[in-house]
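The structure under discussion appears below in the form of structure tokens.
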Amino acid sequence: MPKYDPKVIEEKWQRITEERKPYEPDIDTSKDKVLITVPVIYPTGTLHLGHLYTWTRADMYARFMRMRGFNVLFPQAFHMTGGPMVGLSLRLKNGEEKAVRMMKDQKVSDEDIKKFSEDPVALGLYFSDSYKNEFTKAGISIDWRRLFILSYTPQYSKFLEWQFNTLKKKGLIVQGTHPVIWCPKEETPLGDHDRLSGEGESPEAFSIIKFTVDGYVLPAGTLRPETIFGVSNLWLNSEVKYKKLTMEDGEEWITSEQFSKKIGYMLKNVVKEESFDVHRLIGKNAKNPVDNQAVPIFDAEFVDGDVMTGVVMSVPMHAPFDYYYLHKSNLLEKLPKKPVRVIEVENEDGIVEASIKKFGDGKEGLDEATKYVYKKELSSGLMNSNAGKFANVSVDMARTDVSTMLEGMKVLETMYEPSGEVTCRCGAKGVVKLLENQWFIHYSDRELKDKMISLVEKMNVFPEEVRTQFATAISNLEDKAAARHGGLGTPLPWDKEWLIEPLSDSTIYMAYYTIASIANKMDANELNDDLFDYVFLGEKRADASYPEEAEDMRKEFQYWYPVDMRVTARELLTNHMVFFIANHVAIFTPDNWPKSISINGWLTVNKQKMSKSKGNTYGISDFVERYGADPVRLIGTASDGLDDAEWSTNNTNSVYQKIETLMDLTEILSDFRSESGIVDDYAKSKLNGIIKTATEAYSNMRFRTAVQSSLFESMQLLKEYLDFGGKNGDTLREMILTIIRLNHPVFPFVTEEINSILDGKDMLETYRSWPDFDESSARDVIESEFSVVKNTIDDIRNLIKMLKIKPKEIRVGIAKKDSFELYNKIVSEVKTTRDVNEIRKRVRSNSKIVDKLLKNKSRLPENKLDSDTEMNAFEQAKEYIARIFECEVRIESSEDEKAIPGKPALKIA
RNA sequence: GCAGGGGUAGCGAAGCGGUCAAACGCGUAAGGCUAAGGACCUUAUGGCUCAGGCCUUCGAGGGUUCAAAUCCCUCCUCCUGCACCA
């Protein structure tokens with residue numbers, strides 16, 4: 001008995017692969033091509049099982065397509081752009097314990113760690129090599145000749161310059177101002193990962209409305225400019241420090257000290273800054289810019305200098321805080337006139353008062369009440385006549401319209417604040433900064449979006465539900481800042497101060513795969529826009545000179561492009577994938593737009609979610625070492641859809657067993673010499689169904705379904721064949737060979753081994769080895785009758801259990817021929833009606849069989865049966881039944897009324 | 001807040017109008033096989049049933065239908081993404 005030893009087999013086939021290079025395809029016009037890609041990956045640490053999940057899915061598809069006779073290219077590139085590499089290097093330099101330990105866990109030497117701490121690129125190159133090795137060991141069939149590294153390979157940088165110049169020519173690069181969360185100490189944008197706290201917080205716009213008093217401007221901060229018509233007074237807090245800021249245009253603003261520090265980031269120039277005692281203003285009347293009405297200035301302890309400007313406009317009829325404090329402090333009577341309502345909400349008169357009652361008048365209660373009122377009034381409020389010409393306008397609309405009007409009057413400006421508190425890793429509190437002259441890719445372009453949608457509508461998307469997610473992501477798409485300072489990257493060709501940022505330099509790089517093996521060998525200076533215009537767009541300029549490689553590159557691109565299948569995890573869907581689509585439709589002709597995208601979920605191993613930060617990642621190499629690459633690759637079949645895929649190491653066990661069974665059978669194949677019989681027809685018919693299911697499943701990236709039929713169901717069938725006395729060598733060989741091949745995409749090494757033993761040939765996917773299915777060999781009646789046999793065995797088992805006897809003889813009585821005729825007549829009738837009385841009328845028979853068959857409406861017979869086949873099937877299974885129950889079994893024709901087609905009469909004695 | 005997707009047996013997960021007490025896998029139990037075993041095989045795994053049967057189940061409630069886990073409505077509940085950051 002051969003023992004399955006993954007190590008021996010895998011080393012052998014890796015050696016052969018190394019020699020014959022089946023994964024390094026060249027142009028072959030006799031074959032259709034398939035280009036499969038997975039996104040670039042940051043080489044910052046060893047690969048874990050989560051990676052294997054995605055890459056195995058791509059690889060299974062690659063192998064499947066090779067076996068079907070396609071010329072398959074599966075390249076891979078790496079990514080060094082942006083912060084991760086530099087960040088990690090910096091952390092090592094600072095001797096950050098966690099980072100150093102992570103390196104040591106990955107068996108990086110002290111010497112190398114030191115090197116990495118000085119040179120982020122060295123770190124990237126080190127892990128690039130290790131990734132290549134790990135992927136190869138795991139049997140991922142990548143063409144490494146085409147490897148390149150973003151922000152490192154100089155030839156690729158030239159390609160990237162071409163991409164950006166092309167976008168610019170098409171008017172898809174725009175310059176503008178953009179708010180970001182900013183660390184004032186480190187002078188850098190604060191991404192989610194740079195934050196100590198405040199992940200997910202983003203810049204939030206608010207309005208300042210300029211009230212005036214004594215020639216000073218009081219810039220009141222508000223989220224609800226439409227309530228300007230209901231302002232009764234202003235609040236300042238005499239316990240907060242205020243400043244007088246002299247602006248460029250001469251205006252003198254009174255704001256909290258805190259705001260004075262932030263205003264510089266809002267592109268406002270403050271010429272002079274002085275302390276200011278607000279007691280000078282409290283009690284005076286300011287002027288409301290919208291109607292010139294006098295609004296008194298009151299002192300209020302609840303005004304927070306950290307929030308907006310430290311100047312608050314009071315709208316008592318629509319803001320619980322204002323309402324509550326005015327009443328509490330008896331300031332109400334000092335108002336020149338009664339506060340007015342400007343918003344009406346149906347069935348919610350006195351909404352403010354009611355909400356305070358409901359949520360309470362403590363700080364928290366008032367906060368809740370505020371939220372409630374804001375939300376209610378925004379969703380269903382209408383402005384009333386106090387809002388002048390905005391009467392009967394919805395609050396939602398009025399907010400924009402009033403803003404526009406006030407902006408026109410130069411009394412409103414828009415500013416930003418973080419939506420919540422953000423702290424930088426360095427400890428500084430994050431602010432919002434308006435970044436000037438930032439370069440954007442103009443993703444919000446109407447025409448571009450229309451093209452994207454048209455692509456998403458027609459491309460293959462697996463699973464299907466992702467399509468709507470793409471559509472919504474596209475419609476929400478805004479312009480994207482495409483360049484930044486710091487980190488690694490390629491300079492923008494026309495503004496070298498800026499580096500192209502990582503989500504923008506990795507959108508159409510798959511086109512570079514097609515030419516990588518040529519371009520990587522060239523002098524980067526030979527690669528210019530003219531050349532790329534020709535290679536990728538077919539536009540040749542009369543006055544330009546082209547290097548001799550130009551024709552070959554053009555041919556490579558024309559042959560291999562577009563991307564036929566792009567595989568990735570869910571996290572990249574709304575960003576990378578969307579930008580991938582956008583840039584393709586922007587730059588390439590429609591025939592070079594991507595054909596299919598397949599998205600998978602996360603992987604959980606032994607119930608734990610993989611996460612680098614939690615330190616519970618399982619390295620690929622460890623697992624491959626321990627279980628062998630083939631069994632571990634089962635991971636790729638963990639789920640069909642977008643759900644998190646649950647994977648347990650236990651799963652490898654059943655793989656071992658099944659492989660050993662196949663190896664055993666292969667070895668003793670020559671012992672099977674009997675003629676073929678009905679069970680052979682049965683096996684072939686079922687096998688055919690399995691091929692069909694598996695082929696469709698693989699085609700649609702449904703690998704869980706694929707493996708269920710090609711591994712589990714097929715092994716079950718093999719067992720059934722042997723159980724039912726199948727002994728024909730040819731059938732068995734065909735079954736094993738088919739099973740082996742259906743499973744090759746999942747378990748490439750061991751299936752190759754068994755195939756070579758059986759067939760004398762190596763698959764290596766270089767010839768068309770995928771089994772075909774043949775509709776004509778489907779034998780429905782035989783399959784049905786074998787189901788009858790299986791059901792009958794269950795029945796016998798049941799009966800024996802109930803009778804509590806040890807049977808000496810079992811007699812299986814097959815119904816007589818005319819019963820079968822009646823049965824099949826009913827089956828045909830059922831296809832047209834489910835009305836039992838109608839069926840009864842049509843078959844016109846008094847037989848008790850009709851009563852029995854029609855007894856249960858929801859279980860009417862639906863598959864045709866045949867008396868001879870039923871008899872033969874039972875004859876075939878007779879020995880098996882006898883073996884199970886250890887007694888005599890007789891198959892006979894029966895007159896007994898209990899003998900129904902599909903349900904033989906049983907006599908157990 | 002906005003958008004998308006779920007809730008099925010101990011667990012993971014199929015099914016998406018009728019062969020559904022519900023595939024498949026894992027786990028568990030009993031028996032078997034081995035010198036031994038991480039292994040493997042058989043059977044069982046909602047409840048009740050001593051002749052192949054019946055009853056109750058697919059988040060909760062209501063409805064449509066001869067027939068609903070599957071279609072419709074309401075409610076409860078869980079998850080994921082939201083951009084300058086890979």
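Please read these numbers as outputs of a predicted model, since none were measured by experiment. A, B, ... follow the sequence lines: proteins, then strands. Residue 1 opens every chain.
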Exercise. Is any side-chain N of the basic residue among A:R842 and A:E829 closer than 4.0 Å to the acidic one's carboxylate O?
Worked result: yes

With a non-hydrogen cut-off below 4.0 angstrom, is [X] in contact with a base, only sugar-phosphate, or nothing?
| X | answer |
| --- | --- |
| A:N476 | base |
| A:H178 | base |
| A:L477 | base |
| A:Q469 | sugar-phosphate |
| A:N798 | nothing |
| A:A471 | nothing |
| A:K719 | sugar-phosphate |
| A:D479 | base |
| A:L503 | base |
| A:E478 | base |
| A:I908 | base |
| A:P463 | nothing |

Searching all strands shown, indicate the nucleotide that pairs with [N] (Watson-Crick or G-U wobble; both distances under 3.5 Å).
| N | result |
| --- | --- |
| B:C40 | B:G32 |
| B:A13 | none |
| B:C2 | B:G81 |
| B:U45 | B:G27 |
| B:C20 | none |
| B:G61 | B:C73 |
| B:G52 | none |

Problem set entry | 5' priority, RNA chain B, between A:L572 and A:F712 [closest heavy atom] | A:F712

Exercise. If you pin A:E571 and A:T792 to their nearest nucleotides in RNA chain B, which one's is more 5'?
Worked result: A:T792

Could you check how far [atom1] of [X] sits from [atom2] of [N], rounded to whole Å?
| X | N | atom1 | atom2 | answer |
| --- | --- | --- | --- | --- |
| A:E886 | B:G31 | CD | P | 17 Å |
| A:N575 | B:C82 | CG | C1' | 10 Å |
| A:M577 | B:A83 | CE | P | 18 Å |
| A:L665 | B:C41 | CG | P | 13 Å |
| A:D795 | B:G52 | CG | P | 10 Å |
| A:D5 | B:A39 | CG | P | 18 Å |
| A:R570 | B:A3 | CZ | C1' | 15 Å |
| A:M663 | B:A39 | CE | P | 20 Å |

Side chain of [X] only, please: which of [options] is the nearest?
| X | options | result |
| --- | --- | --- |
| A:L906 | B:G52, B:C24, B:G81 | B:G52 |
| A:A481 | B:A51, B:C84, B:U80 | B:C84 |
| A:R702 | B:C84, B:G52, B:G15 | B:G15 |
| A:T472 | B:U80, B:A83, B:A3 | B:A3 |
| A:K480 | B:G81, B:C84, B:G4 | B:C84 |
| A:R797 | B:A44, B:C84, B:G52 | B:A44 |
| A:R484 | B:U80, B:C85, B:A23 | B:C85 |
| A:R704 | B:A83, B:A13, B:U80 | B:A13 |

Exercise. With a 3.5 Å cut-off and just heavy-atom distances, do the side chain of A:E660 and the base of B:A39 make a donor-acceptor pair?
Worked result: no

Please determine whether the number of non-hydrogen atoms from other residues, nucleotides or ligands lying under 6.0 Å from atom [atom1] of [X] exceeds 12.
| X | atom1 | answer |
| --- | --- | --- |
| A:Q175 | CD | yes |
| A:E465 | CD | yes |
| A:E879 | CD | no |

For [N] and [M], measure between their [atom1] atoms and round to the nearest Å.
| N | M | atom1 | answer |
| --- | --- | --- | --- |
| B:A69 | B:C58 | C1' | 5 Å |
| B:A44 | B:G81 | P | 43 Å |
| B:C85 | B:C76 | C1' | 36 Å |
| B:C75 | B:C26 | C1' | 34 Å |
| B:C73 | B:C82 | P | 30 Å |
| B:G63 | B:U49 | C1' | 35 Å |
| B:C71 | B:A39 | C1' | 48 Å |
| B:G37 | B:G25 | C1' | 24 Å |

Problem set entry | Validation row, ring centre A:F78 to ring centre A:Y131 under 6.0 Å | yes

Problem set entry | Heavy-atom pair of closest approach, residues A:L634 and A:V746 | CA-CG1, 4.2 Å

For this session: Indicate the atoms forming the closest heavy-atom contact of A:T81 with A:S151, along with that distance.
Result: OG1-OG, 2.6 Å

Exercise. Does the pair A:Y416 and A:Y265 meet the rule for a ring-ring contact (aromatic ring centres under 6.0 Å, His included), with working shown?
Worked result: CA-CA 9 Å; A:Y416 295 87; A:Y265 297 109; over 10 Å; no

Exercise. Looking only at side chains, do A:D505 and A:T490 share a donor and an acceptor under 3.5 Å apart?
Worked result: no

